Amino acid sequence: MGMFPFQGTGFEIGANDFVLDIGHANTMGNLEAFLEREISHFHIHDNHGNNDEHLPPGEGNIDFSAIQGLLRQNNSIKIIENKSAEDALQSIFALKNMGVK
């Protein structure tokens with residue numbers, strides 16, 4: 001089946017192409033491969049690559065500076081995933097500093 005089970009099957013998903021959970025991809029070690037896809041929806045959080053910590057951007061080892069251009073230019077849905085209201089506010093602040101709306 002591969003990484004993209006509906007690719008090449010004739011299954012039409014319209015404008016709903018791909019949801020990228022940045023933190024989950026980091027824990028699997030394949031974030032860069034997913035960045036090559038057309039992304040319609042992001043789940044944004046950081047971690048240190050070992051487990052899904054749901055940290056604000058900049059608190060783990062994900063290089064958000066390398067993907068901030070994609071996040072800024074992409075007219076997609078962006079969801080922050082954190083464990084507390086304080087972390088969510090920190091995430092919003094970090095994304096605004098990157099120019100992400």
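Note that these values count all heavy atoms, side chains included, but never hydrogens, waters or copies made by symmetry. Here the structure is a predicted model, which is why all the values come from computation and not from measurement.
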I would like to know whether Thr27 and Asn51 meet side-chain contact (heavy atoms from CB on, under 4.5 Å); could you show each step before the answer? CA-CA 6 Å; Thr27 63; Asn51 59 36; 5.6 Å; no
Kindly compute the distance separating CD1 (Ile77) from NE2 (His43), expressed to the nearest 0.5 Å. 8.5 Å
Does any N or O in the side chain of Asp21 come within less than 3.5 Å of the main-chain N or O of His24, such that one atom is a donor and the other an acceptor? yes
Check: Ser76 main-chain N/O paired with Lys78 side-chain donor or acceptor under 3.5 Å: yes
Do any side-chain atoms of residues 54-67 form donor-acceptor pairs under 3.5 angstrom with protein atoms, and if so which ones, sequence neighbours left out?
residue : atom : partner : partner atom : Å
His54   : ND1  : Glu81   : O            : 3.4
His54   : ND1  : Glu81   : OE1          : 3.4
His54   : NE2  : Asp52   : OD1          : 3.4
His54   : NE2  : Asp52   : OD2          : 2.7
Glu59   : OE2  : Gln90   : NE2          : 2.9
Asn61   : OD1  : Asn26   : ND2          : 3.0
Asn61   : ND2  : His48   : O            : 3.0
Asp63   : OD1  : Ser65   : N            : 3.3
Asp63   : OD1  : Ser65   : OG           : 2.4
Asp63   : OD1  : Ala66   : N            : 3.4

Going by heavy atoms in the side chains, are [X] and [Y] under 4.5 Å from each other?
X	Y	value
Leu70	Ile39	yes
Ile44	Ile79	no
His41	Leu20	no
Ile22	Phe42	yes

Side-chain heavy atoms under 4.5 angstrom apart, residues restricted to Ile, Leu, Val, Met, Phe, Trp, Tyr: same cluster for Leu31 and Phe18? yes
Could you work out, with side-chain hydrogen bond (donor to acceptor under 3.5 Å, both in side chains) as the rule, every residue matching Asn82, not counting sequence neighbours? Ser91
